[in-house]
2 protein chains.
Amino acid sequence: MDVARLSKQDWLTAALGALAQGGVSAVAVVPLAQQLGVTRGSFYWHFTDRTALLRDALQWWEQQGTIAVIDQVASIADPRDKLRELFRIAITEDPVSGLEPALVAHADDPVVAPILRRVTERRVAFLTEAYAELGLPATRARRQALVAYSAYVGWIQLRRATPDALPEIVGDPEALAYLVDNLIGPTG
Amino acid sequence: MDVARLSKQDWLTAALGALAQGGVSAVAVVPLAQQLGVTRGSFYWHFTDRTALLRDALQWWEQQGTIAVIDQVASIADPRDKLRELFRIAITEDPVSGLEPALVAHADDPVVAPILRRVTERRVAFLTEAYAELGLPATRARRQALVAYSAYVGWIQLRRATPDALPEIVGDPEALAYLVDNLIGPTG
DNA sequence: ACCTGAACACCGTTCAAGT
DNA sequence: ACCTGAACACCGTTCAAGT
């Protein structure tokens, strides 16, 4: 019988888990190799170096996390409903908890920067469209999109910064509704 | 003549600079020692270990950065003016650029967690008071404080995530005014 | 095709010894 | 009081060799 051998995806999945938990520095070859039950040498058959692992893992996340959510709500006709559902999914599901804060913190990282920028621009553009559909003029729609996206980013970061304090952030549905009302903005 | 010798504060200052630039993992003994022109061994006379350096540096930042700003605006009588000035200082000055995102990303870190939590709670409490002075009932004031603080955190993080894109975030005073109007909230 | 094992450079930590 | 210098453990990377 053959021993179980690893695929590239096994490394990517492990890397994303480590990234979310311990930040960019936790994407470390030796600990991941131990966790996967192989030696460090085997890593370098799948990837050229640690940077390549990080880049590929983030690109995979970009596909799965970002684009999937937008696809999920893009078909909702009413812009108000669309925004509500978008924020609800983004705030309550948070598929890989802690990943986004880890990325923003390493915004200067040459691997992280281009991916984070693409994701941010895509999301802000999508929000801007939705606010335009709500009737806001172009400049106003873009500014509202920036403010709403800022509040979203800040909210999920606060939730991490204060795990047991500030209980409204984690649990209270009324506080969440208050946030979403604010995100939907002046015409909501 | 005596050779220049280092104080604890020299290490703290160097550590905060490294932290802001490269995150928690950049607070590294050997690179800092090289930068300061001493050997690694000398570090361990001033601090028990790397963790102590990080902790002391963050406590110093907590004193200087957080409390100083609140003191600076606490005397402003009109709550609307107070909030405007607070957000203006917090958003435009950003004394150690990139420090806060670095901290939020390592919210799980046992050194970072308690300090980040104290700072967050102090700021949210201060905002809550100001919104109460503006006439919001207690629960509403607290929720508005959370939303406003989220938007503030998200905004400074967006600014880092997209350095040359999204130019409104960095430069445009009108976009900033739009943000502050939103932060000041329903009665602003 | 996928992995081991040994090698080397770099950082965290300790500690005896220096001034 | 403050620092050096050598030691050891740990992680990133390389590469020849194994199956």
Side-chain angles (χ1 to χ4, degrees), chain A residues 1-60 102-103 105-106 108-113, chain B residues 1-60 102-103 105-106 108-113:
Chain A
M1 267 204 23
D2 260 350
V3 175
R5 278 169 130 79
L6 297 176
S7 68
K8 211 166 164 166
Q9 185 60 46
D10 292 321
W11 285 96
L12 295 181
T13 305
L16 276 181
L19 182 59
Q21 267 230 298
V24 171
S25 66
V27 182
V29 177
V30 170
L32 288 177
Q34 282 176 340
Q35 180 186 325
L36 291 169
V38 291
T39 64
R40 63 184 76 186
S42 93
F43 169 81
Y44 289 92
W45 191 86
H46 296 285
F47 301 90
T48 56
D49 56 15
R50 181 182 168 279
T51 294
L53 170 63
L54 185 57
R55 177 176 24 81
D56 291 357
L58 289 178
Q59 280 173 357
W60 185 84
L103 296 184
H106 293 265
D108 294 337
D109 184 295
V111 178
V112 172
Chain B
M1 275 214 358
D2 259 351
V3 175
R5 277 168 131 79
L6 298 176
S7 68
K8 212 167 163 163
Q9 184 61 45
D10 292 321
W11 286 97
L12 295 182
T13 305
L16 276 181
L19 182 58
Q21 267 230 298
V24 171
S25 64
V27 182
V29 177
V30 171
L32 288 177
Q34 282 176 339
Q35 180 187 324
L36 292 169
V38 292
T39 64
R40 63 186 75 188
S42 92
F43 168 82
Y44 289 92
W45 190 87
H46 295 284
F47 301 91
T48 57
D49 56 15
R50 181 183 168 278
T51 293
L53 171 62
L54 185 57
R55 177 178 22 79
D56 292 356
L58 289 177
Q59 280 172 358
W60 186 84
L103 296 184
H106 294 265
D108 294 337
D109 184 295
V111 178
V112 172

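Chain A is the first sequence line, chain B the second, and so forth, proteins listed ahead of strands; every chain is numbered from 1. The structure displayed is predicted, hence computed values, not measured ones.
If you measure from atom CZ of B:F47 to atom C1' of C:dG12, you get 15 Å, rounded to the nearest angstrom. Following rounding to the nearest Å, B:K8 (NZ) and D:dC3 (C1') show an atom-to-atom distance of 17 Å. Following rounding to the nearest Å, A:W11 (CH2) and C:dC3 (C1') show an atom-to-atom distance of 11 Å. Straight-line distance from the CG atom of B:D10 to the C1' atom of D:dC2: 13 Å, rounded to whole Å. Taking atom CG on A:L54 and atom P on D:dG12, their separation rounds to 12 Å, with Å as the unit. Separating the CG atom of B:L6 from the C1' atom of D:dC2 is a distance of 9 Å, rounded to the nearest angstrom. Nucleotide C:dC3 holds its C1' atom 14 Å from the CZ atom of A:F43, rounded to whole Å.
Out of C:dG12, D:dT13, C:dC3, the shortest distance to the side chain of A:D49 is found at D:dT13. For A:R50, counting side-chain heavy atoms from C-beta on, the closest listed nucleotide (D:dC3, D:dG18, D:dG12) is D:dG12. Of all nucleotides listed (C:dG12, C:dC3, D:dG12), C:dC3 comes nearest to the side chain of A:W45. Looking at the side chain of B:Y44, the nearest of the listed nucleotides D:dT4, C:dT14, C:dT4 is C:dT14.
Interatomic distance, NE2 of B:H46 versus CG of B:L12, reported as 10.0 Å (0.5 Å rounding). We find the CG-CD distance between A:L16 and A:Q21 to be 12.5 Å, quoted to the nearest 0.5 Å. In this structure, NZ on A:K8 lies 14.5 Å from CH2 on A:W60, to the nearest 0.5 angstrom. Between the CH2 atom of B:W11 and the CG atom of B:L6 there is a distance of 6.5 Å, given to the nearest 0.5 Å. Between the CZ atom of B:F43 and the OG1 atom of B:T48 there is a distance of 7.5 Å, given to the nearest 0.5 Å.
In this structure, A:R40 and B:T39 both approach DNA chain D, and ranking their closest nucleotides by distance from the 5' end singles out B:T39.
In a base pair of the Watson-Crick type (N1 to N3 plus N6-O4 or O6-N4) or a G-U wobble (N1-O2 and O6-N3), with each distance short of 3.5 Å, C:dG5 is matched with D:dC15.
Considering only side-chain N and O atoms, A:H46 lies under 4.0 angstrom from the phosphate OP1 or OP2 of C:dC3.
A:T48 comes within contact range of the sugar-phosphate backbone alone, with a heavy-atom separation under 4.0 Å but no base atom that close.
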